There are 2 protein chains.
Amino acid sequence: MLATEFKEAITAADRVLVQIRTAIVEGEIPAGTKISEPELARRYDLSRAPLREALARLERCHLIERTPNAGARVVKLSIEGLRSLYQLREELEGLACRLAAEHMTEQEIAEVRALLDQHLSTQRVHEGESYYQEAGDVDFHYRVILGSKNPYLINILSDELYFLVRMYRVQLGMNGPRVSRAFDEHKAIINAIANRDGELADLLMRRHIAASKRNIEQQLLQQGTSHG
Amino acid sequence: MLATEFKEAITAADRVLVQIRTAIVEGEIPAGTKISEPELARRYDLSRAPLREALARLERCHLIERTPNAGARVVKLSIEGLRSLYQLREELEGLACRLAAEHMTEQEIAEVRALLDQHLSTQRVHEGESYYQEAGDVDFHYRVILGSKNPYLINILSDELYFLVRMYRVQLGMNGPRVSRAFDEHKAIINAIANRDGELADLLMRRHIAASKRNIEQQLLQQGTSHG
DNA sequence: TTTCTAATTATTGTCGACAATCTGATGCTT
DNA sequence: AAGCATCAGATTGTCGACAATAATTAGAAA
């Protein structure tokens, strides 16, 4: 389901899912938009059957909300939604850290460290460009989540919750000093995992996520007050 | 999605979803069975379109596993699966308790207490009958989950994870002294919530779930050794 | 006999059309 | 004029058939 995941047989529903999902996450289809099945079918040049399959999966990631016989709408971003989402994310990624400290192999840890160094150099080159930070952060968290080795946890975080997380981050932006700080926080977390100190990794991850939440929350508040 | 939930428009896909889901949870369709779309369509007397909608939702609750172009199988119960599932359940229901202690109204708490008393008397009448215990337990946990007031948490627990939990419980059984002890544990949890002691409610819930896990684990081990 | 190949069969994925339901506008009643 | 009922339009839900892919079996070669 994720970009890095290998899929044996790619079906039309899979393709259109990725396209629509990206369009929603990146705001190309704005939040709150009414989804019209015939319109999307024309737009992506396929029948309604695979489209509906894709919509079902989008509902699963909370990117759209469907009501029977009435249609679907793209989810709206809100402060309450952000808080509920990040409340859960703190808890689940905290758990992922404790499990990762227990289950990750030395090689997996080394790979994450190499990844961080690579991201750091990439970040230096593309100073201030948020896309790389976004992709790098997602990748780091994804590795730790996989390291938990708990299939249900992996599924919930990376297949269900993370696209919504990305939607908040992409549309409300990583900005300011957080971009550079995140690297240090990532380093500290992987160090704790390498030391098999699950408690510490848990704590650091919760703080890392809480800081990210405050950042987005502030953006939402500013946007809300300036418009309303 | 749950039985107690009110749904404005009931569609054919909804109906067949409930039917198949119940059949899987209760073991009428055995674990590991290959799902044949044409066969199920004949059996439940509808076309494949709403059936596939139902299958997509069953995949979401981890009751079936699909591989593209190859079909779907009913999930197999295993010790590793049970541990992964309950690991997550402990964490999420622990969180639900902390949030419930914060957000549940006095009236909601009173309703849960009334529910427990009602279940106790029902239990006395139907001594040893596991169905009522099953339903009562699910109902109690469901109330606490709702009390968290976190829509994502509610969705994950009650719409995605709980049918699989019920599948383990129904097929591997609540038995022995746990049936009567569970009531006391429920009482203690709701008392902690009533006292707004989220930490304690969290701890008690984790123990309650861990005890339930040990119970099922033992059944799985016995079954595994006797058959293999 | 075993193994690889190839055709057959069955299953899943996709399509276009029809039926049921909801939304919005129009006209009537009070 | 306000509110409600009714009707037209559009949208979702469902159906049966076709196309594409995978599983299976038969057959030939080693």
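The chains referred to below are lettered A, B, ... by the order of the sequence lines, with proteins before strands, and numbering in each begins at 1. In what follows, every heavy atom counts, from backbone to side chain, and hydrogens, waters and symmetry copies are set aside. Worth saying up front: this structure is predicted, and the values here are computed from it rather than measured.
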Enquirer: Can you tell me how far P of C/dT14 sits from CZ of A/Arg48, to the nearest Å?
Expert: 15 Å
Enquirer: Between A/Glu53 (CD) and C/dT12 (C1'), how many Å, whole number?
Expert: 11 Å
Enquirer: Between B/Thr11 and D/dT12, is there a side-chain N or O to OP1/OP2 distance below 4.0 Å?
Expert: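 The answer is no; no side-chain N or O of B/Thr11 sits under 4.0 Å from OP1 or OP2.
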Enquirer: Taking the minimum atom-to-atom distance to the side chain of A/Lys34, which one of D/dA22, C/dT12, D/dT12 wins?
Expert: D/dT12
Enquirer: Calculate the interatomic distance between A/Leu51 atom CG and C/dT14 atom C1'; express it in whole Å.
Expert: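 My rounded result for the distance is 12 Å.
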Enquirer: Touch check for B/Ala49, heavy atoms < 4.0 angstrom, all strands: base, sugar-phosphate only, or nothing?
Expert: base
Enquirer: Can you measure A/Arg52 atom CZ to C/dG16 atom P for me and round it to whole angstrom units?
Expert: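 Nearest whole value for this atom pair: 16 Å.
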Enquirer: May I ask you to say whether B/Arg57 pairs ionically with B/Asp14, meaning some side-chain N is under 4.0 Å from a carboxylate O?
Expert: yes
Enquirer: A/Tyr162 vs A/His141 aromatic rings, parallel, tilted or perpendicular, using cut-offs 30° and 60°?
Expert: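 Tilted, since the angle between the ring planes falls between 30° and 60°.
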Enquirer: List the steps, then state whether side chain to side chain donor-acceptor pair (under 3.5 Å) holds for A/Gln107 with A/Glu111.
Expert: CA-CA 6 Å; A/Gln107 188 186 340; A/Glu111 283 172 10; 3.3 Å; yes
Enquirer: Taking atom P of D/dG16 as reference, at what distance in whole Å does atom CG of B/Asp45 sit?
Expert: 9 Å
Enquirer: Nearest whole Å is fine: how far is D/dT11 C1' from A/Leu55 CG?
Expert: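 Value for this atom pair: 13 Å.
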Enquirer: Look at A/Arg98 together with B/Glu90 and state whether they make a salt bridge at an N to O cut-off of under 4.0 Å.
Expert: no
Enquirer: Over how many whole Å does the gap from A/Leu40 atom CG to D/dT11 atom P extend?
Expert: 12 Å
Enquirer: Is the shortest side-chain N to carboxylate O distance from B/Arg43 to B/Glu28 below 4.0 Å?
Expert: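 Salt bridge between B/Arg43 and B/Glu28, a charged N being under 4.0 Å from a carboxylate O: yes.
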Enquirer: Could you pick out which residue, A/Ala12 or A/Asn69, lies toward the 5' side of DNA chain C when each is mapped onto its nearest nucleotide?
Expert: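 On the 5' side of the pair lies A/Ala12.
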Enquirer: Quick one: label B/Ile35 by what it contacts on the DNA or RNA (base, sugar-phosphate, nothing), any heavy atom closer than 4.0 Å.
Expert: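 Counting heavy atoms under 4.0 Å across all strands, the contact made by B/Ile35 is with sugar-phosphate only.
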Enquirer: Please report, rounded to the nearest Å, how far the P atom of C/dT12 is from the CD atom of B/Glu37.
Expert: 4 Å
Enquirer: Below the 4.0 Å mark, does C/dC15 have OP1 or OP2 next to a side-chain nitrogen or oxygen of A/Ser47?
Expert: yes
